[in-house]
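Heads up, the thing below is written out as structure tokens.
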Amino acid sequence: MITLEHVGKVYPPKDFVALGDVSLRIGNNEFVTVVGPSGCGKTTLMNILAGLETPTSGRALVGGRPVDGPGPDRGVIFQQYALFPWLTVRKNVEFGLREKGVPAAERRRIADHFIALVGLTEFADALPKTLSGGMKQRVAIARAYAVDPSILLMDEPFGAVDALTRVRLQEQLLATWSREKRTVVFITHDVDEAVFLANRVVVMAARPGRIAEIVDVDLPYPRTEEIRLSPQFTALRHRVWSAVHHQELVP
Amino acid sequence: MITLEHVGKVYPPKDFVALGDVSLRIGNNEFVTVVGPSGCGKTTLMNILAGLETPTSGRALVGGRPVDGPGPDRGVIFQQYALFPWLTVRKNVEFGLREKGVPAAERRRIADHFIALVGLTEFADALPKTLSGGMKQRVAIARAYAVDPSILLMDEPFGAVDALTRVRLQEQLLATWSREKRTVVFITHDVDEAVFLANRVVVMAARPGRIAEIVDVDLPYPRTEEIRLSPQFTALRHRVWSAVHHQELVP
Amino acid sequence: AGEKSSEKVTFGYIADYNGTSLLAVAQDQKLWAKQGLEVSTKVFTNGPLQVTAMNAGDLDYGYIGPGAVWLPASGKAKIVALNSLGNADRVIARAGITDLSQLKGKKVGVPEGTSGDMILTLALQKAGLKNSDIQRVPMDAATIVSAFGAGQIDAAGIWYPLLNNIKAKKPDLVELAKDADFADTMAFPTAFIGSNAAAGDAARTGKVLAVLHEAMAYRAAHPDETAQLVAALNKQPVDAVKADAANSKMLDGSTDDATAKKWLSGLGEYFVTAGKLPSNPDPATYYVGTAAK
Amino acid sequence: MTLVRADTRVTAPRAPGKRRPVVPKTVLTLISIVAGVGVWWGLSLTGLDIPAPVVVLNRAIELIEDGTLGADILASLRRVLIGFGLGVGLAVPIGFLMGWYAPVRALIEPWIQFFRTIPPLALIPLAIVLMGIEETPKIFVIFLAAFLSCVIATLQGVLTVDRTLINAARVLGARDHTILARVVIPASSPFILVGMRIGLGSSWATLVAAELIAAQQGLGYRMQSAQLYYDLPTIFVGLLTIGVLGLLMDRVLLLAERRLTSWQETR
Amino acid sequence: MTLVRADTRVTAPRAPGKRRPVVPKTVLTLISIVAGVGVWWGLSLTGLDIPAPVVVLNRAIELIEDGTLGADILASLRRVLIGFGLGVGLAVPIGFLMGWYAPVRALIEPWIQFFRTIPPLALIPLAIVLMGIEETPKIFVIFLAAFLSCVIATLQGVLTVDRTLINAARVLGARDHTILARVVIPASSPFILVGMRIGLGSSWATLVAAELIAAQQGLGYRMQSAQLYYDLPTIFVGLLTIGVLGLLMDRVLLLAERRLTSWQETR
Ligand SMILES: Nc1ncnc2c1ncn2[C@@H]1O[C@H](COP(=O)(O)OP(=O)(O)OP(=O)(O)O)[C@@H](O)[C@H]1O
Ligand SMILES: Nc1ncnc2c1ncn2[C@@H]1O[C@H](COP(=O)(O)OP(=O)(O)OP(=O)(O)O)[C@@H](O)[C@H]1O
Ligand SMILES: [Mg+2]
Ligand SMILES: [Mg+2]
């Protein structure tokens with residue numbers, strides 16, 4: 001259970017308001033996607049949930065307790081990947097497992113599993129600098145999955161991979177989510193993706209960052225290609241699209 | 001005129017073949033988009049054209065002369081933005097102009113124009129570290145546009161911005177391109193975008209990186225929403241999609 | 001007293017002939033063991049560091065040159081025996097300067113606080129010049145060799161064997177003054193010192209003195225062997241050691257107290273005029289050589 | 001012309017601070033200094049050969065009153081500033097050349113590392129022979145200390161510059177000299193700063209050696225001659241003055257750094 | 001289970017090299033050394049106070065034959081290795097603590113910068129008073145030289161670590177000590193290396209001062225006592241030996257660095 005109560009974030013020195021007054025509740029096992037124009041505060045919001053930024057007003061609660069720093073219960077996939085450049089792909093993926101005290105052999109098994117999942121088995125021993133952009137992003141995904149957190153905070157996680165890989169990763173994520181019932185907060189620019197994955201789509205607006213609208217997605221799981229082609233999906237898609245852009249079209 | 005003759009790129013120390021044998025001609029004023037699975041060598045190819053990497057076999061020619069290092073005739077937008085973190089947005093955009101010897105006042109006028117173009121006027125004096133991912137990407141776009149190169153090499157330039165901004169940037173790019181007739185090489189993962197923008201879509205395949213197919217897009221410019229909704233567009237879109245993914249579906 | 005187990009002594013020295021010869025002899029002739037002492041020697045490069053080590057309790061005895069006699073004179077240590085009289089110091093000048101009075105306005109290198117400083121001061125006094133009449137250029141001894149050799153200074157207070165190095169470059173230099181010129185008023189004794197604590201232990205200091213005196217006798221009788229021993233201990237060429245030895249008059253242990261005190265008091269006088277001591281203390285307050293005998 | 005609407009900025013009153021009451025840094029620094037003086041006092045009371053703070057203070061007052069300290073500070077400060085300035089000024093371009101052109105590095109680096117290991121004292125005879133006994137050799141010895149620290153740091157900084165930034169500059173048409181001035185130097189400024197801070201310390205630490213060369217005044221010379229007479233209070237005045245001057249110059253460097261590297265995304 | 005097909009790797013024979021024939025680095029280094037010796041020879045012929053290479057070589061052979069040089073090298077190497085090792089070993093955690101906890105930095109930094117400015121020569125009386133005249137004070141002086149260089153570099157390295165990497169570690173559940181060992185140290189290794197390289201030079205440069213303290217053997221002591229007789233060939237043997245040993249240790253550091261920081265995306 002994630003609760004945001006009148007969360008605001010003001011950046012010094014110019015008192016720039018990145019988040020105005022955001023209140024939101026996310027239930028356990030919910031899959032929430034966040035869309036909104038560039039610079040509207042999505043990443044800021046996620047960092048507050050992750051415990052990497054403190055709100056300047058209001059408060060954020062996870063599981064009833066105020067967020068006070070990061071924890072392995074909340075896995076994060078960063079917009080900029082944030083791989084450890086001195087570790088190989090496998091060691092990157094193993095990093096969080098080591099912190100959890102998983103024994104070496106088990107660690108390796110898990111890491112290899114998730115590396116295979118994102119299609120990088122052949123590159124398990126490669127250093128990040130030898131990977132392409134999309135490959136780095138997939139390593140970041142595998143690393144976050146590996147620690148098996150109950151809450152997953154994902155910032156444009158599939159933004160740098162090709163369309164097919166993206167669809168596969170989406171399906172993979174949904175499958176795991178349905179099976180293991182995690183809570184997922186997923187930032188994306190792709191309205192299609194936002195609707196396809198979510199229970200609810202949170203639409204944010206900018207200046208100041210705030211929630212413009214919340215769109216419930218009453219489509220059944222598992223989400224199939226059929227659902228993607230259904231008129232209901234198209235309607236929802238349209239609704240989210242105009243919710244994102246309405247504020248900008250009207251002066 | 002860009003010519004690639006049997007270009008190959010092998011990375012030491014493991015002799016990893018990033019590009020196998022790529023031959024391609026791109027005419028002046030052509031708009032070519034490049035799509036392909038993650039890690040198939042798109043960025044590598046672009047770096048070779050930019051003069052940032054040397055091919056290990058074959059050769060690349062621009063305007064009839066072998067590429068021998070980068071030059072301001074070829075503007076580049078990098079997948080990772082590569083902003084100078086110590087310069088403000090405006091100074092970043094002015095960087096190339098300074099190198100060209102444009103006088104200060106003129107420089108500022110041009111920079112402010114392109115900053116406005118990507119919607120960052122209010123952030124002209126901000127440092128990159130205070131910008132969101134999408135805003136950084138827009139600065140990189142403005143910086144490359146500002147030097148007005150005759151060839152634009154763009155690596156997933158609109159990947160981190162929201163859908164509406166993306167559409168506007170696409171239209172903006174096409175408008176400038178039609179008016180000033182540049183040559184554009186544009187890497188993207190968005191098949192829609194690839195077809196919507198291009199004269200030709202180059203579809204690459206991986207292991208080793210190579211050209212799988214080239215799809216000519218015989219749609220008229222200016223490209224409008226109507227064209228986007230036309231059956232011709234859909235057909236091309238489908239063709240590119242299967243060209244990208246055919247190689248992966250068949251073992 | 002302690003016949004059965006040997007007493008331990010730490011002894012500092014400087015690795016030149018003056019500083020090393022007695023210790024080399026004593027070691028070779030097993031004089032320490034004879035007195036029931038077990039010595040451990042420590043090599044230093046100057047006197048003040050030895051005094052520092054003494055006052056920190058790490059060193060019992062040590063060796064100083066004449067330039068450092070003000071240290072015991074100001075109560076930081078005690079002199080237990082005089083070792084030799086230096087005769088190596090010179091005031092030198094480049095060719096063309098023939099007289100001390102011509103030093104006026106010249107650049108004169110001086111290693112401050114050493115016997116080179118002393119000979120220069122005495123020479124200037126004799127010529128009726130003040131310190132302010134010359135351009136005093138303080139520099140350390142090795143630097144003077146380079147600077148004089150390169151013609152950067154006109155004159156210097158310096159000593160053998162370093163002077164040999166200068167002569168090799170400037171064979172035409174002139175020696176304007178030497179220690180012997182002041183023999184009636186001033187001597188340049190090198191000395192063995194003890195920390196205030198060690199000197200207070202009269203019994204042990206007596207044994208140390210016995211060793212030193214016996215070694216002096218041997219040194220006087222066997223100069224060549226002594227030079228060999230020093231060369232071996234310091235890993236220096238025998239010729240250099242011999243040349244060094246020739247620059248001092250080795251004492252043989254027969255110096256009487258009155259003479260010793262006269263020399264020390266002369267030095268004290270100098271230190272007072274040079275501003276390094278507030279007043280000239282009675283040598284009896286810091287010279288314990290015979291008291292221990 | 002603008003297709004994307006410009007964002008408008010919204011400014012809010014500063015939110016009520018939630019910071020825990022933290023002891024300000026300057027207070028901590030003061031506490032640290034007071035504690036240090038306390039330790040010193042304690043040591044001086046144990047009978048070790050260390051003069052008490054009061055004794056040193058009195059000596060300092062004497063030296064200030066008769067003008068010696070002022071003149072010494074001026075003389076030494078001048079040498080250090082010139083030597084340090086030249087050292088840093090030369091280290092940055094040389095470090096760049098070494099980092100940028102591998103052959104230059106192969107040619108120069110062994111010598112730099114070799115001279116790093118030579119004690120400044122051993123350089124003095126050579127400096128005198130080649131440069132005489134005026135200010136030049138003194139400044140040279142200090143220069144060398146600053147230069148050698150700073151050049152290694154700059155070299156490493158240049159080697160560590162992110163390749164993508166250099167590439168970005170090159171595709172924007174920048175030549176080598178612009179890349180040096182506008183990319184490499186800013187990007188390696190944290191390294192250059194480390195070199196400058198270490199070099200600054202070395203410059204001051206070398207002062208005593210430098211002023212062995214026929215100095216008439218200067219803090220190093222004063223300490224040197226005080227040592228001959230075991231004049232511990234004067235030595236301590238010298239040490240403290242050098243320490244305080246070094247500290248002040250270090251603060252200036254840090255201030256400059258804070259302004260120059262505020263673009264960094266650090267903790 | 002795998003939804004995304006694993007990539008298969010294709011390996012090709014090495015493409016025909018197109019590199020221009022470049023002079024290998026070791027050759028350049030050799031040329032540079034030969035040139036340096038040439039300059040030295042030239043200087044020795046000008047009548048300046050510099051012994052010719054041959055004279056120095058002969059002296060070196062003498063010193064090797066009678067075992068002096070070997071014993072000196074062993075004694076000095078031991079002191080430098082221990083002092084340098086301790087210095088670096090302590091500098092890394094202290095630098096981390098200073099960079100990580102602002103109050104620690106406020107407390108310690110002024111002292112570090114203060115001691116940086118104190119010439120090693122001036123420390124010797126204090127070292128003797130506090131630590132006697134055995135090996136401890138000698139090693140301490142060397143330790144301090146290495147520590148003070150290295151701690152400033154480490155501090156700067158810690159301050160410069162990319163925040164996103166630290167955040168990445170924290171969301172993966174890492175505590176402070178793991179962040180130190182597995183993020184901060186690797187990320188600041190280029191800085192630590194700079195500190196080690198400068199510190200290594202300082203350690204050797206301080207050797208002469210350290211061996212003023214009642215050393216019975218050692219390269220610094222040998223040079224010092226050679227100075228009593230102005231025995232330039234022996235002094236030069238000492239300088240060259242120290243230089244060569246310093247250079248060799250520096251190469252070892254560089255080698256270690258190349259292995260440790262090969263992950264960097266540099267030019
Ligand atoms: N450290 C900072 N200092 C000042 N302003 C900041 C800082 N970090 C972010 N901002 C501002 O806060 C706003 C929100 O940033 P944020 O990164 O949350 O946007 P976003 O919604 O994730 O955008 P994008 O989709 O482009 O990634 C932006 O306008 C940005 O300029
Ligand atoms: N420096 C390098 N060393 C070794 N291999 C490399 C290096 N740079 C790139 N590669 C490899 O070359 C291949 C192509 O990389 P490239 O960056 O061109 O891919 P891409 O098509 O741009 O992928 P993406 O869409 O994910 O950005 C990848 O498999 C990558 O691992
Ligand atoms: Mg974001
Ligand atoms: Mg790419």
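Below, read A as the first sequence line, B as the second, and so on, with proteins coming before strands; counting in each chain starts at 1.
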Next item on the list: Can you tell which part of A/Arg143 gets under 4.5 Å to a heavy atom of chain E, answering side chain, backbone, both or neither?
Entry: both
Check: Does A/Lys91 count as lying over the ring of A/Phe95, i.e. NZ or CZ under 6.0 Å from the six-ring centre, within 45 degrees of the axis?
Finding: no
Item checked: Residue A/Leu87 versus chain E: region with a heavy atom under 4.5 Å -> side chain
Next item on the list: Identify which part of A/Phe78 has an atom lying under 4.5 Å from any heavy atom of chain E, answering side chain, backbone, both or neither.
Entry: side chain
Note to self: Can you tell me which of A/Ala140, A/Pro85, A/Gly96 forms the most heavy-atom pairs within a distance under 4.5 Å of chain E?
What the structure shows: A/Pro85
Next item on the list: Using a strict 4.0 Å threshold on nitrogen-to-oxygen distance, state whether A/Arg98 and A/Glu94 make a salt bridge.
Entry: no
Notebook entry, point to check: Is chain A contacted by the side chain of E/Arg182, its backbone, both, or neither, given a heavy-atom distance below 4.5 Å?
Noted result: both
Next item on the list: Tell me, with the steps shown, if A/Phe186 and A/Phe158 meet ring-ring contact (aromatic ring centres under 6.0 Å, His included).
Entry: CA-CA 10 Å; A/Phe186 186 108; A/Phe158 305 152; 5.4 Å; yes
Notebook entry, point to check: In this structure, which one of A/Gln80, A/Gln79, A/Glu156 forms a side-chain hydrogen bond (donor to acceptor under 3.5 Å, both in side chains) with A/Thr43?
Noted result: A/Gln79
Notebook entry, point to check: Does a sphere of radius 6.0 Å around CD in A/Glu226 hold more than 12 heavy atoms from other residues, nucleotides or ligands, not counting ones at 6.0 Å or beyond?
Noted result: no
